[in-house]
Amino acid sequence: EAGVAQSPRYKIIEKRQSVAFWCNPISGHATLYWYQQILGQGPKLLIQFQNNGVVDDSQLPKDRFSAERLKGVDSTLKIQPAKLEDSAVYLCATRTSGANVLTFGAGSRLTVL
Amino acid sequence: QKEVEQNSGPLSVPEGAIASLNCTYSDRGSQSFFWYRQYSGKSPELIMFIYSNGDKEDGRFTAQLNKASQYVSLLIRDSQPSDSATYLCAVTERSGTYKYIFGTGTRLKVLA
């Protein structure tokens with residue numbers, strides 16, 4: 001089966017600019033996660049979707065971050081305006097119903113200057 | 001905030017030795033426990049998971065879970081230089097929402 005696709009792989013922007021990341025999950029995987037991984041740290045959950053509904057967004061900085069999952073398939077994560085501390089890898093992961101394993105995409109590396 | 005704690009390392013072991021990686025978690029009701037390996041610049045990949053107290057073996061890897069002590073470990077036998085990576089411990093919450101909480105990871109170096 002095809003893996004979790006993410007784009008872009010790399011993005012460099014200046015602070016206060018905006019950026020969007022896209023994730024296409026494995027077909028049939030109902031649960032989708034966005035994680036932020038800062039260098040030297042473990043992945044931190046930003047938002048969790050079940051189909052197109054939000055299960056948990058308690059750690060999403062809602063004043064600047066937004067995410068949506070249209071039709072319960074693809075998802076986008078947007079940051080506007082970006083801050084220096086947003087420099088990180090943004091990982092999309094999915095989990096299939098009935099299984100208990102996360103599969104990660106390759107990640108999108110953001111550098112904010 | 002529920003936490004998963006790991007020693008950041010680096011943990012250095014000689015080739016052929018046993019590497020022992022440890023993880024503690026704060027939520028006594030955590031359901032499932034995972035070990036992921038992450039090579040530098042790559043995304044995490046699952047090594048193994050464990051749900052019940054005791055040991056679970058898969059090739060050179062053994063996961064050990066002690067729910068009473070809120071402790072999970074990963075043993076890597078016959079360590080190889082290719083095992084050099086960061087090992088992430090993850091747990092799911094009691095709520096059944098499949099929220100995965102990750103530790104900061106332990107960096108392992110296997111010396112040839």
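The sequence lines fix the lettering, A, B, ..., with proteins before strands; numbering per chain opens at 1.
In this structure, CG on A:Asp56 lies 7.5 Å from CD on B:Glu93, to the nearest 0.5 angstrom. Note: A:Phe104 CZ to B:Lys42 NZ = 15.5 Å, rounded to the nearest 0.5 Å.
Of all non-hydrogen atoms in A:Gln48 and B:Tyr98, the two that sit nearest each other are NE2-O, 3.5 Å. Closest approach of B:Lys99 and A:Ser58 over heavy atoms only: NZ-OG, 4.0 Å.
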Verify side-chain contact (heavy atoms from CB on, under 4.5 Å) between A:Lys44 and B:Phe102, making sure each step is shown before the conclusion. CA-CA 7 Å; A:Lys44 171 189 166 185; B:Phe102 283 82; over 6 Å; no
Start with the C-alpha gap between B:Tyr100 and A:Asn100, add the side-chain angles, then the distance that decides, and say whether side-chain hydrogen bond (donor to acceptor under 3.5 Å, both in side chains) holds. CA-CA 10 Å; B:Tyr100 296 75; A:Asn100 202 12; 2.8 Å; yes
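Heavy atoms closer than 4.5 Å to chain A are found nowhere in B:Gln6, neither backbone nor side chain. At a 4.5 Å heavy-atom cutoff, the contact between A:Gln41 and chain B is made by backbone atoms alone.
Annotation for A:Glu14: atom CD does not count as buried by contact number, only 12 or fewer foreign heavy atoms lying within 6.0 Å. Other residues, nucleotides and ligands contribute over 12 non-hydrogen atoms within 6.0 Å of the CG atom of A:Leu84. Within a 6.0 Å sphere centred on NZ of B:Lys109, other residues, nucleotides and ligands contribute 12 heavy atoms or fewer. Annotation: A:Lys11, atom NZ; neighbour count of heavy atoms from other residues, nucleotides and ligands within 6.0 Å does not exceed 12. In this structure, A:Lys71 places its NZ atom where only 12 or fewer heavy-atom neighbours from other residues, nucleotides or ligands lie under 6.0 Å away.
Hydrophobic cluster membership differs between B:Val110 and B:Leu75, with clusters built from Ile, Leu, Val, Met, Phe, Trp and Tyr side chains linked at under 4.5 angstrom. Both A:Val101 and A:Leu45 are members of a single hydrophobic cluster when ILVMFWY side chains are connected at heavy-atom separations under 4.5 Å. Using a 4.5 Å cut-off between side-chain heavy atoms of Ile, Leu, Val, Met, Phe, Trp and Tyr, with links allowed through other members, B:Ile101 and A:Phe49 fall into different hydrophobic clusters.
A donor-acceptor distance shorter than 3.5 angstrom exists from the side chain of B:Tyr36 to the backbone of A:Leu102, with no hydrogens or angles considered.
For chain A, the option among B:Gly105, B:Ser32, B:Pro44, B:Gly103 with the highest count of heavy-atom pairs below 4.5 Å is B:Pro44.
A side chain to side chain contact (heavy atoms under 4.5 Å, CB included) with B:Ser43 holds for exactly one of A:Val4, A:Val89, A:Leu91; it is A:Leu91.
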